[in-house]
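Everything on this sheet refers to the single structure shown next.
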Amino acid sequence: MGEGMTNIASTSAAITPEIVAQHGLSPEEYERVLGALGREPNLTELGIFSVMWSEHCSYKSSRIHLKKLPTEGPQVICGPGENAGVVDIGVGPEGKPQAAIFKMESHNHPSYIEPYQGAATGVGGILRDVFTMGARPVANMNALRFGRPDHPKMRHLISGVVRGIGGYGNCVGVPTVGGEVNFHPAYDGNILVNAMTVGVADVDKIFYSAASGIGNPIVYVGSKTGRDGIHGATMASADFGEDSEEKRPTVQVGDPFTEKLLIEACLELMESDAIVAIQDMGAAGLTSSAVEMASKGGVGIRLDMNKVPQRETGMTAYEMMLSESQERMLMVLKPGKEAFAEAIFRKWELDFAVIGEVTDTGHMVLVHHGETVCDIPLAPLADDAPLYDRPHVPTPKPAPLSNVPLCTDLGADLVTLMGSPDIASRRWIWEQYDHKVGGDTVQAPGGDAAVVRVHGTDKGLAISTDCTPRYCFADPVEGGKQAVAECWRNITAVGATPLAVTNCLNFANPQRPEIMGQFVGALEGMGDACRALDFPIVSGNVSLYNESKATGGGSAILPTPAIGGIGLLADWSKNATVAFKGPGDVILAVGEWKGHLGQSIWLREVHGREEGPPPPVDLVAERKTGDFIRAHINNGAITACHDVSDGGMAVTIAEMALAGNVGAMIQAHDPEAPFADARAFFAEDQGVYVVTVSDTALANFLADADKAGVMVQPIGRTCANRLVFELADNDFAIPLTSLRTAHEGFFPKLMDGKE
């Protein structure tokens, strides 16, 4: 909130067009406000309309298209519309049905302005979305996009974001088990910080947010309200301008130790029958939580603002309603349960206050110092918020790739890729995260998907976040399809059955038809993939206006529909890893290989070209191949598994070798073979896995693949301590030490100045 907004918030000035514009409302939207109220709003009412009708809260540019996504399936207990999505994961240790509850959200603009607190409070907010529904959080993930590594601000941004994620997650005691990181100049002025949390709950102890029961008490719990974060939702719904630094006060300040207390207090109260409804105070704070609870329940709400716990003196109703102070929740309790609930929250040293009641008016009424300072009908705030079908034009299909250069030194090109920003080891990042706290992490960062044991059972949850923005920019439909398929593939690669998806849809200014075309195209591809793979979308978030006018910034980000998926392992001990297990195993490529080099990392990093169409995704083949892989992980035939993605087959093999410290001899002597041309090892064909099997399992594996109609190509064997590629016209040998030095060196050199 800039100085102008601060002054406005502290005055009772008449509502002028300038004040309306500062609140992010168009003249047409303000006319709708006048129509909804039948009069002019006061400043508090205008502020409430501004945040509830912001892009961040109302999804006014995206709702019409989000409805096209598949959200149902036999595994889905609760889809979009609640704090998080809920899916069935079978029975728990006491024979009770259990659910996984999960969601991903963005904290992009705050993390650019104040990277530590922006990222930290992003983690805190997504944790609250999950434990609000009765789940104990068991894992955090993230998806991060940064600009050029040599950009003057980037080192500061990377350091702050990583420290913020680690600082909050580590302190609150939830393991951060993985994620993804991309670099591209398009993110110079708008980095992306998407946070995901997964929790586990008993199905009979899931809590929802619809308020009910006329006269029931409305209770505020957690931290006190301050002036931090005011207009955070509005700020997140606009392009960055030259004044981004002035928006620092709109970034919230987090306290993970209070969040830990809040988790324990809420879960303790949830063991009783005291709660009717519960909602965390996220974007738009007390406003959005109160409006959403009342509108979902079809009731009214009355709040006494004098009773709101405040950590600053002289706060106005405007400031209290729009503050995004962290670690706060709103509840509706059963009558007579106030003292019981208060005792729990006082024990955990948290604020507790009865601040209002459920009414039958259908209005939100706020009273401050004995005066009514707000009286708004709830329907226009929520269900009747503006809805736009913005003009959109499809992205032109990219021209076919031509004049593809030869690969004259496969070893040198592979070393280059292994040390490149998008492929280099993320160890520097994930070693700052406590990925083992809780004792249930089975697969730590570095594999295809994280695996977390469901405590007290043999089950495991596989978790992955995925998107390839350069594919989405070249062809949003194929890119959206690939993001979902890649997530499904990563979960499959550890042996889990994919269950469902959350998403974080990061795009630039939707008022530009070409950007809206990217959004519509990406959702089309996502929907096609989710339907074909039985991988429904149960929760998510839309982040628009990721576009910068700031000096030195980029312009629009690449379209980035980040996908977060979960899968279920019946027996976590059978999970597959990427590491070669020892010398002598047979290495096979599973899936059809065509040598697609368009939009490949090799083409970009080695030859400086971002050209051609992205690799297409054959969803029928994707499912057939993935089901085959999963079955043979579970029957023990596959000893290592890694899907092919950025950098192609060569990088996949190198990552497997480094993970196990075991080399490989790759043989492609036949000039007609798919891998005879060195370039083919850097192609990024989709739906392909590299696996190892023992000699004793090979015959049955090949016979089963033939029966299933899955293409399998033996390509070599694991060996001692180097990678050797024997091609028809040349041989290449690369010591694992050279690959490791390149792979592990990028982040320490960038962040610590180490050579």
Side-chain angles (χ1 to χ4, degrees), residues 75-80 82-90 92 98-105 122-143 165 168-170 172-180 194-203 205-207 259 263 267 280 430 433-445 447-457 459-466 487-488 490-491 494 496-504 535-541 562-569 572 575:
Q75 70 274 46
V76 177
I77 295 172
C78 177
E82 276 294 337
N83 286 292
V86 186
V87 294
D88 179 12
I89 59 168
Q98 284 185 306
I101 299 179
F102 68 109
K103 191 180 183 184
M104 183 190 291
E105 282 206 337
V123 173
I126 197 65
L127 282 165
R128 286 194 299 281
D129 279 338
V130 168
F131 76 75
T132 295
M133 298 194 69
R136 179 169 291 280
V138 298
N140 288 333
M141 294 278 275
N142 53 72
I165 290 169
Y168 204 100
N170 296 354
V172 86
V174 177
T176 302
V177 294
E180 57 174 345
N194 297 169
M196 176 180 174
T197 293
V198 181
V200 174
D202 289 338
V203 171
K205 285 292 183 180
I206 295 173
F207 291 82
E259 181 105 341
I263 291 173
L267 292 178
D280 83 293
W430 57 256
Y433 304 154
D434 188 341
H435 51 270
K436 294 183 178 178
V437 64
D440 286 324
T441 303
V442 176
Q443 267 207 56
D448 282 321
V451 179
V452 178
R453 180 181 59 162
V454 179
H455 197 76
T457 76
K459 296 180 296 185
L461 290 175
I463 313 163
S464 183
T465 58
D466 296 283
C487 187
W488 189 89
N490 280 329
I491 290 168
V494 299
T497 301
L499 291 178
V501 161
T502 184
N503 61 59
C504 204
F535 206 27
I537 294 175
V538 297
S539 60
N541 170 246
I563 300 296
I566 68 166
L568 183 66
L569 285 146
W572 64 263
N575 76 100

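Along the sequence shown, the residues carry numbers beginning at 1. From a predicted model like this one, the values you see are computed outputs, not experimental measurements.
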Taking it one step at a time, do F131 and R136 satisfy side-chain contact (heavy atoms from CB on, under 4.5 Å)? CA-CA 6 Å; F131 76 75; R136 179 169 291 280; over 6 Å; no
Approximate separation, where rounding is to 0.5 Å, of [X] [atom1] and [Y] [atom2]:
X: N140; Y: M104; atom1: CG; atom2: CE; value: 11.5 Å
X: I206; Y: Q98; atom1: CD1; atom2: CD; value: 10.5 Å
X: R128; Y: E259; atom1: CZ; atom2: CD; value: 4.5 Å
X: I566; Y: C487; atom1: CD1; atom2: SG; value: 10.0 Å
X: F207; Y: L267; atom1: CZ; atom2: CG; value: 9.0 Å
X: N503; Y: S539; atom1: CG; atom2: OG; value: 7.5 Å

Show the numbers, then the answer: is there a side-chain contact (heavy atoms from CB on, under 4.5 Å) between I491 and F535? CA-CA 11 Å; I491 290 168; F535 206 27; 3.9 Å; yes
Could you tell me whether the side chain of [X] and the main chain of [Y] form a donor-acceptor pair under 3.5 Å?
X: E180; Y: A143; result: no
X: N170; Y: D434; result: yes
X: T197; Y: M141; result: no
X: D202; Y: K205; result: no
X: K103; Y: G85; result: no

Single hit among L461, V177, L569 for side-chain contact (heavy atoms from CB on, under 4.5 Å) with V451: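 Running side-chain contact (heavy atoms from CB on, under 4.5 Å) over L461, V177, L569 with V451 returns exactly one hit, L569.
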Can you name the one residue among I101, I77, L568, L499 that meets side-chain contact (heavy atoms from CB on, under 4.5 Å) with V87?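 Only one of I101, I77, L568, L499 forms a side-chain contact (heavy atoms from CB on, under 4.5 Å) with V87, namely L499.
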With the side chain counted from C-beta on, respond yes when [X] and [Y] share a heavy-atom pair under 4.5 Å apart, and no when they do not.
X: F102; Y: V501; answer: no
X: V138; Y: V174; answer: no
X: V452; Y: V442; answer: no
X: W572; Y: T457; answer: no
X: N142; Y: T176; answer: yes

What closest approach, in Å, do [X] and [Y] show between heavy atoms, and which atom pair accounts for it?
X: G125; Y: D280; value: O-OD2, 4.2 Å
X: K436; Y: P175; value: N-CB, 4.3 Å
X: S464; Y: D448; value: OG-O, 3.6 Å
X: A496; Y: A462; value: CB-CB, 3.6 Å
X: I463; Y: A139; value: CD1-CB, 3.6 Å
X: I126; Y: A195; value: CG1-O, 3.7 Å

Taking atom types as modelled, find out whether [X] and [Y] have a side-chain donor-acceptor pair closer than 3.5 angstrom.
X: T132; Y: N83; answer: no
X: N194; Y: E105; answer: no
X: N490; Y: D466; answer: yes

Please step through side-chain contact (heavy atoms from CB on, under 4.5 Å) for the pair R453 and K459, ending with a clear verdict. CA-CA 6 Å; R453 180 181 59 162; K459 296 180 296 185; over 6 Å; no
